[in-house]
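Since the model is a prediction, treat every value here as computed from it, not as a measurement. Each ligand, and each atom within it, is numbered from 1 in the order the structure gives.
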Amino acid sequence: MSDQRKLAAQFDQLAALMEITGANAFRVNAAKRVSRVLQEFEGNLRELAESPGGLEAMDGIGKGSAERIREWCKTGRLAERDRIAADVPDGLIGLLDISGLGPKTVGRLWREADVTDRATLRGAINDGRLASLPRMGAKTIANISDSLDFAEKAAERTPLGAALPLAERLCTELADVPGTDRIVWAGSLRRGCETIGDIDLLAISTDPASLVRAFTEQPGVTKVLAAGDTKASVRLDDRIQIDLRIVPDHGFGAAWLYFTGSKEHNVELRHRAQQRTLRLNEYGLFEDDGEQTPPQDRGVPPLAAECETDIYTALELPWRPPELRESRDDICDQPPELITIDCIRRDLHTHTTASDGHLSIRKMADEAIRRGYDALAITDHSRSSVQANGLDVERLIAHIEAIREIDAALPNLTLLAGSEVDIHADGSLDYDDEILALLDIVVASPHVALKQSPDAATARLVRAASHPLVHIIGHPTGRMIGRRPGLEPDMHAVCEAAAEHSTALEINANPKRLDLRDRHVRLALESDALISINTDAHQAAHFDFLQYGVLTGRRGGLTAETCINAWSLERLQAWLAR
Ligand code: DGT
Ligand code: CA
Ligand code: CA
Ligand code: ZN
């Protein structure tokens with residue numbers, strides 16, 4: 001983080017602490033203004049602080065504030081903030097994250113009801129202390145209680161696998177509201193992040209009032225947080241927040257770009273604009289004429305605003321897919337041609353009733369045909385996976401025969417007889433080599449001992465990836481999002497071993513897993529390892545998980561060339577038989 005952003009955060013805290021302790025509004029506002037000025041400032045703060053009168057020359061920074069900034073540059077501390085903070089319980093600042101609780105109220109709760117953190121706030125609500133305060137009505141208390149509940153729940157972000165179908169449904173329904181010309185999602189959801197804080201919708205409408213009404217009155221809304229002319233915000237099923245913004249069609253691209261983020265990407269784009277004496281905001285890209293009042297408020301026409309591509313082009317940058325708009329992505333790099341869902345021709349990790357799947361081999365094959373696949377690998381569990389009804393050698397041999405028989409009867413689908421073989425804690429496999437050699441495809445996955453040390457995990461996965469009969473390492477870390485971290489191997493070493501032995505690493509597309517995760521996909525590509533995107537389907541609907549795997553691959557920079565599921569069948573078969 002830059003100096004000015006760190007210091008801006010300190011001034012924000014100072015302002016909040018002042019308000020909590022009841023400082024006068026003038027001083028609170030001065031601190032807030034300094035924070036804003038610092039956030040906008042693009043130059044070198046330390047240099048400016050050293051040049052005499054440099055800070056004072058900035059709009060919004062007075063003599064006192066300039067002194068404080070110089071003090072911070074010298075000592076790394078904002079003494080005034082530290083002084084006030086010493087008198088205020090730490091937990092109070094955390095209460096400011098609860099919607100509806102501003103610093104003034106928090107200060108009151110502290111002084112008048114001994115509230116010092118979330119737990120004591122909950123206590124004060126329950127024992128009636130809050131209700132006994134003057135000017136504290138039942139409705140206000142119910143609101144605080146409700147927000148507190150939600151803040152506790154919201155610590156859990158919504159999985160991509162829940163947020164994406166929800167957004168798809170909302171957009172389909174709201175597109176039918178008369179006057180709606182376009183409705184899309186932005187934010188972390190458009191970037192394909194594995195978990196979503198809130199869903200950001202963006203619409204063009206000739207009848208915004210109707211759209212806002214339909215949005216706030218839809219079934220499942222448990223709270224309307226805002227309902228204005230161009231912006232509304234609701235909580236759905238007491239679970240996830242959804243923001244809707246209605247924007248003019250001529251500025252749609254600028255708004256979509258801005259609300260897609262990431263914040264860091266926006267900051268970089270704005271910086272790029274400033275270097276070219278341009279000004280970028282959610283309304284468009286404008287000439288920077290040095291005026292304070294924002295250009296859109298003065299009727300200044302933008303240089304670009306209608307579509308994202310125009311804005312990138314005007315900034316002399318290549319358009320970037322949303323999945324590559326994180327802080328780790330360099331805005332100047334030419335993005336690769338990312339894989340799309342249409343590139344995927346087959347699934348190479350699926351289960352049937354032979355182990356813990358819900359459908360027969362034939363039913364799974366029918367589903368693959370229905371989806372236009374050219375091949376399907378049946379990979380039921382191996383003998384150690386007792387809880388998943390894993391196959392002993394005898395059952396496996398019969399299963400292979402059954403798969404081959406059905407395959408012979410299906411001219412348009414190649415069924416591959418496979419297995420998802422357990423990787424034991426030491427990296428050895430659950431079947432002997434003679435047995436593995438009978439299979440068309442071997443997916444080796446870790447299922448137990450997922451808490452072993454990073455060194456042991458590295459050795460385990462490197463050994464499995466180096467095994468000549470293993471084609472794919474399935475869900476390599478075994479993590480479950482929000483539930484268990486899984487193995488933490490030296491992923492670089494695992495990727496190098498996989499690349500050396502031409503073993504593919506799986507992106508398991510189950511939204512509870514997304515394993516490999518985006519960062520690991522990137523490491524794999526840097527090592528020239530192959531990737532396989534599979535759904536691990538246990539029933540027909542699970543094939544739909546593919547989209548989450550593809551998004552994760554795209555966030556890692558994956559192209560069709562490196563993904564074995566996108567290869568021609570001949571190329572795949574040659575690789576399987578290698
Ligand atoms: P989330 O909801 O936590 O999963 O993450 P996002 O990325 O969807 O973040 P959100 O919903 O707070 O805001 C949506 C986008 O709006 C964000 O990606 C970038 C833009 N945005 C919001 N607040 C700011 C800001 O303070 N500065 C900048 N530069 N962009 C912002
Ligand atoms: Ca969001
Ligand atoms: Ca949002
Ligand atoms: Zn598995």
Checklist entry - Taking heavy atoms and a distance under 4.0 Å, where does T260 meet ligand 1: side chain, backbone, both or neither? => result backbone
Next on the checklist: So, of the N/O/S atoms that D200 has, which is the nearest one to the Ca ion (ligand 2)?
Outcome noted: OD2
Next on the checklist: Only to 10 degrees, please: what angle do the NE2 atom of H475 and the NE2 atom of H447 make about the Zn ion (ligand 4)?
Outcome noted: 90°
Next on the checklist: Which of the numbered atoms in ligand 1 are under 4.0 angstrom from any heavy atom belonging to R157?
Outcome noted: 1 (P), 3 (O), 4 (O)
Checklist entry - Do any of the N, O or S atoms of H349 sit under 2.8 Å from the Zn ion (ligand 4)? => result no
Checklist entry - Can you list the atoms of ligand 1 that are under 4.0 Å from a heavy atom of G197? => result 1 (P), 2 (O), 3 (O), 4 (O)
Checklist outcome for this item: From the list T552, T477, N510, side chain to side chain donor-acceptor pair (under 3.5 Å) with D515 holds only for T477
Item to check | Subset of ligand 1 atoms that lie under 4.0 Å from at least one heavy atom of D198 | outcome: 2 (O), 11 (O)
Checklist entry - Just checking, is any N or O donor in the side chain of N534 or N508 under 3.5 Å from an acceptor N or O on the other one? => result no
Checklist entry - Is any N, O or S atom of H381 under 2.8 Å away from the Zn ion (ligand 4)? => result no
Item to check | Side-chain heavy-atom pair M480, L514 within 4.5 angstrom cut-off | outcome: no
Checklist entry - Quick one: does S262 get an N or O within less than 3.5 Å of an N or O on ligand 1? => result no
Checklist entry - Hey, is H265 one of the residues with a heavy atom under 4.0 angstrom from ligand 1? => result no
Checklist entry - Is the shortest heavy-atom distance from the side chain of V247 to the side chain of T230 under 4.5 Å? => result no
Checklist entry - Would you say D198 has an N, O or S atom lying under 3.0 Å from the Ca ion (ligand 2)? => result yes
Checklist entry - Mind checking whether R272 and I331 have side chains closer than 4.5 Å, heavy atoms only? => result yes
Item to check | Pair E19 + K32: basic N to acidic O under 4.0 Å | outcome: yes
Next on the checklist: Check this for me: does any side-chain nitrogen of one of E308 and R325 sit under 4.0 Å from a carboxylate oxygen of the other?
Outcome noted: yes
Checklist entry - Atoms of ligand 1 less than 4.0 Å from R270 heavy atoms? => result 29 (N)
Next on the checklist: Angle between ring planes, W319 versus Y312, binned at 30° and 60°: parallel, tilted or perpendicular?
Outcome noted: perpendicular
Next on the checklist: So that I can check it, does any N, O or S atom in E420 come closer than 2.8 Å to the Zn ion (ligand 4)?
Outcome noted: yes
Item to check | Y283 OH: over 12 foreign heavy atoms closer than 6.0 Å | outcome: no
Checklist entry - Just checking, is any N or O donor in the side chain of N266 or E264 under 3.5 Å from an acceptor N or O on the other one? => result no
Checklist outcome for this item: A student checking ligand 1 against I196 at a 4.0 Å heavy-atom cut-off should list atoms 4 (O)
Item to check | Numbering as shown, the atoms of ligand 1 that approach R191 to under 4.0 Å (heavy-atom distance) | outcome: 7 (O), 18 (O)
Checklist entry - For G187 and ligand 1, does the shortest N/O to N/O distance drop below 3.5 Å? => result no
